[in-house]
Amino acid sequence: MASPTVGGAAGTTTRSWAVRWARAWRNDLTIIGSASLVRSLHAEGLIDNFTLLIHPLTLGTGTRLFEGPAPLTEFELTGSVTTTKGVIIAHYTRR
């Protein structure tokens with residue numbers, strides 16, 4: 001599957017644009033629903049914090065968030081809360 005382009009620039013994928021943006025600005029970037037983008041940024045060492053929502057169900061299939069080559073990075077659990085529906089919201093910060 002091809003990645004969409006940003007601003008119509010030929011050869012500029014969303015993923016490569018986000019990596020360049022994160023390197024240049026080092027500002028907060030929130031990513032919702034793109035495991036491949038998170039993996040790309042993590043591989044470049046550009047993820048400082050994760051907030052993971054862990055739902056109490058099993059799908060059987062799907063995209064794994066932590067899959068493929070990535071640098072060894074230690075994260076510390078800095079906070080968590082469980083909702084009334086059993087969803088765990090876990091906050092991790094890079095050590």
Side-chain angles (χ1 to χ4, degrees):
M1 174 185 295
S3 296
T5 60
V6 175
T12 303
T13 64
T14 303
R15 189 174 317 137
S16 65
W17 175 86
V19 168
R20 285 197 322 272
W21 184 87
R23 281 188 186 143
W25 296 102
R26 294 298 294 179
N27 288 332
D28 292 342
L29 175 66
T30 300
I31 302 164
I32 300 172
S34 179
S36 64
L37 179 54
V38 170
R39 282 194 297 270
S40 296
L41 293 172
H42 179 60
E44 296 290 328
L46 296 172
I47 300 286
D48 295 321
N49 301 292
F50 278 108
T51 298
L52 302 178
L53 281 67
I54 305 161
H55 295 263
L57 61 98
T58 305
L59 296 176
T61 64
T63 303
R64 293 178 181 267
L65 180 57
F66 303 104
E67 182 174 77
L72 175 62
T73 309
E74 292 186 26
F75 286 88
E76 177 180 357
L77 179 65
T78 55
S80 67
V81 65
T82 303
T83 70
T84 57
K85 299 291 183 179
V87 176
I88 299 169
I89 303 170
H91 302 277
Y92 294 90
T93 301
R94 184 169 49 181
R95 288 185 181 187

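The line from CD1 of Ile89 to OG1 of Thr83 is 6.0 Å long, rounded to the nearest 0.5 Å. Expressed to the nearest 0.5 Å, how far CZ of Arg95 lies from OG1 of Thr78 amounts to 11.0 Å. To the nearest 0.5 angstrom, Ser80 atom OG is 11.5 Å from Leu52 atom CG.
Clustering ILVMFWY residues whenever any of their side-chain heavy atoms sit less than 4.5 angstrom apart, transitively, puts Phe75 in the very cluster that holds Leu77. In the hydrophobic clustering of this structure, Leu57 does not group with Leu53; members are Ile, Leu, Val, Met, Phe, Trp, Tyr whose side-chain heavy atoms approach within less than 4.5 Å, directly or through other members.
Residue Ile32 is found outside any hydrophobic cluster, as its side-chain heavy atoms come under 4.5 Å of no other Ile, Leu, Val, Met, Phe, Trp or Tyr.
With sequence neighbours excluded, no residue satisfies side chain to side chain donor-acceptor pair (under 3.5 Å) with His55.
When all heavy atoms of Phe50 and Val38 are compared, the closest pair comes out as CE2-CG1, 3.6 Å.
In this structure the side chain of Ile47 never reaches within 4.5 angstrom of the side chain of Thr73, judged on heavy atoms.
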